[in-house]
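Keep in mind that the numbers below use all heavy atoms, side chains included, and drop hydrogens, waters and symmetry copies. Below, read A as the first sequence line, B as the second, and so on, with proteins coming before strands; counting in each chain starts at 1.
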Amino acid sequence: MKRAQFSSSLLPYLFLAPQLAVIFIFFYWPSAEAIRSSFFLEDPFGFGSTFVGFQNYIDTLTSPEYLGIAAFTALFTVLVTFFSLAAGLLLAVKADKVIRGSSAYKTLLISVYAIAPPVAGLIGMMFFDQHIGPFVRLAALFGWEMKVGLNYWDTTFAMVFVAVWKQIPYNFIFFLSGLQSIPASVLEAAVIDCRNGLRRFWTVLAPLLTPTAFFLLIINFTYALFDTFGVIDVMVKDKAANNPITLTYKVYMDGFRGNDLGGSSAQSVILMVVVLVLTVFQFRFLERRVHYG
Amino acid sequence: MAKIDIDHVFKTYAGGAQAVRDVSISIRDGEFIVLVGPSGCGKSTLLRMVAGLEEISAGEVRIGGRLVNNVEPAERDIAMVFQNYALYPHMSVRQNLAYGLKNRGTPKPEIEARVAEAARMLELEPYLDRKPRALSGGQRQRVAMGRAIVRHPAAFLFDEPLSNLDAKLRVTMRGEIKRLQRRLGTTSLYVTHDQLEAMTLADRLVVLNKGEIEQIGTPLEIYHEPASTFVASFIGSPAMNLLQGRSTENGFAIGPDLWRLATGPLDDAAITIGFRPEDVTFTRDMRAGPEFLLDYVEELGAQKLVHGTVGGQAVSATATAEFQPQESMRLTVPEHRIFLFSTATGKRLRTPITPMQPAGDFSPVKA
Ligand SMILES: Nc1ncnc2c1ncn2[C@@H]1O[C@H](COP(=O)(O)OP(=O)(O)OP(=O)(O)O)[C@@H](O)[C@H]1O
Ligand SMILES: [Mg+2]
């Protein structure tokens, strides 16, 4: 193999510079800043800061409130990831049956992707509006008086529901294109080889979808942890105290509302480490089961 | 092993396109039937209806006497070989072969024995633990065959299994399929648009045209007794010459030319004359036949193909390698090798043909 070589050793760095600058300014610099300030106790009124070593970390990790929120975050992340993947997959499998061979449907369904996430988020919020939300009324029919923003578990339910609802179109499109890339004849061969549809799904379809599923798992996981900030913010409004929130939201609360920059920085560093460990874990242990065609 | 009866079968796709129209074939136990026809004539559709991958719009399909119209593909006791092989990419060759048996609850030692047997027959032993993507086209094709063989099904269904292979491998695999089918004696339905593949493989050929059966017969029957201009032009290479003309009392008028042949009574004056390139001989005798004007010559080594026109219509003929074609020659064909077809319907006219006495140079030729 012959490799293209740059005649000047500076040129490649010049090409990389814009990308490196973006990564540095928006990722490394803030991260470094977070790590630095996590070792300081910031004066709430802005009069200097004191070095406190690992005190912020110790305070955070020993706080029962923090541990409770961490437990809720784990639950929330697992629920959102699971249900948005499952719903996306289910819809994609159903849609795949309809649109195989008919491209008009395909274009129609793909266009969902273009408009969905912001609009879907808005619609999702409206579902749980105290006055006009159809979901609240539906629940009332069954004698369930939903108080989103007041009752802890009602809010949890609404938060998971809207977060899942927002993410479904994304998962749907990726699963659908994954399904569409499986040749029809392979599925037909499976129909001849195996009469049980469910078994066929797990032995042929699912293994061929693992690259898509693995990619989506990481994306959804990150989504549930970080990208649900807006959903939570709308639901808990200013009453975070007796409402469920995630760790990401707590970082924001403590940093910007509580003005505890040091503690908030320590929390975001912990969050960063957790995500790093989980991502490495996923690549090391789950990716082995992925079949790249 | 079983017979297959296809009885007045129709296929109408959503949208109203009729892909198969009133097709009836009864396939004997162990017979090798080839469905042949141009692209879009409904071969795959018919095969897929037998497999159960396509719903039967009307008519009945029976496999081994059992009506299968509403039977799941997996329960029809058939195995199919696809054009693109359709191997499961995430399974090794061994798993590909075993998958159909495993799902049917075949005991493990039995599966192993059958996989080993098929691997030996198809010389796949060195590749059993590879994934399909690490195999060549020919090897993948053999795995696809193996997947059908291990099942010991009542029938094999093939949809153009060789068309993704290169020319040389296609000839080899063609032989291998024929040999395996003979040895196993499994009833087979084979789809191809390659007339040479069809001729060499088939016990009986079914020629399809626009969803309808044009003719059923052994390869030689179809070659020697084509039922229509469609069959005549489709089977045989190079294709049969077809000349449109009119029947007159003096012979056949082909454009300005006259071919001195007499036929029995004809319903139709507008007829098409057919004859195979290999039955043509050339002469300089002005009274022997119509005039052939040379266009060009193709050298094939042992033979040459002479292309030209008769009465403005294209005609080709095979000749020996030594033959020296002239710009203008007379063409003759033994009369029992001449076929008559109705130009309107394309169907063969069963009319005897006799040569007419040459009129002599002095008598006026009236066309
Ligand atoms: N799903 C479908 N919906 C509508 N029409 C179809 C469908 N599948 C096939 N057809 C039509 O039915 C006719 C027969 O198709 P079929 O695939 O059986 O042809 P074929 O003889 O196998 O051709 P080829 O040699 O190109 O494979 C074609 O005109 C095709 O357009
Ligand atoms: Mg076809």
- Message: Within a 6.0 Å radius of atom NZ on B:Lys178, are there more than 12 heavy atoms belonging to other residues, nucleotides or ligands?
- Response: yes
- Would you name the heavy atoms of A:Val191 and B:Ala74 that are closest together and state the gap between them? O-CB, 3.4 Å
- Side chains of A:Glu188 and B:Arg48: does their closest heavy-atom pair fall under 4.5 Å? yes
- Message: I'd like to know which of B:Glu72, B:Met80, B:Glu75 tops the heavy-atom pair count under 4.5 Å against chain A.
- Response: B:Glu75
- Item | Residue part contacting chain A, namely of B:Arg104, when any heavy atom lies under 4.5 Å | side chain
- Message: More than 12 heavy atoms of other residues, nucleotides or ligands under 6.0 Å from CZ of A:Phe229: yes or no?
- Response: yes
- Message: Surrounding CD of A:Gln282 (heavy atoms of other residues, nucleotides or ligands, distance under 6.0 Å), is the total greater than 12?
- Response: yes
- Do other residues, nucleotides or ligands put more than 12 heavy atoms under 6.0 Å from A:Phe215 CZ? yes
- Query: Where on A:Ala184 is there a heavy atom nearer than 4.5 Å to chain B: the side chain, the backbone, both, or neither?
  - Reply: neither
- Message: Can you confirm whether B:Tyr88 sits close enough to A:Asp193 that some side-chain heavy atom of one is under 4.5 Å from a side-chain heavy atom of the other?
- Response: yes
- Task: Answer yes or no: are there more than 12 heavy-atom neighbours, outside B:Glu60 itself, under 6.0 Å from its atom CD?
- Result: yes
- Donor-acceptor pair between A:Arg199 and B:Asn103 side chains, under 3.5 angstrom: yes
- Query: Taking everything shown except B:Tyr13 itself, do over 12 heavy atoms lie less than 6.0 Å from its OH?
  - Reply: yes
- Item | Structural part of A:Thr203 lying under 4.5 Å from a heavy atom of chain B | both
- Item | Pick from B:Pro132, B:Ala144, B:Gly100 with the largest number of heavy-atom pairs that fall under 4.5 Å of chain A | B:Gly100
- Message: Need one label for B:Ile78: side chain, backbone, both or neither, based on atoms under 4.5 Å from any heavy atom in chain A.
- Response: both
- Item | Side-chain touch A:Ile192/B:Arg151, heavy atoms, less than 4.5 angstrom | yes
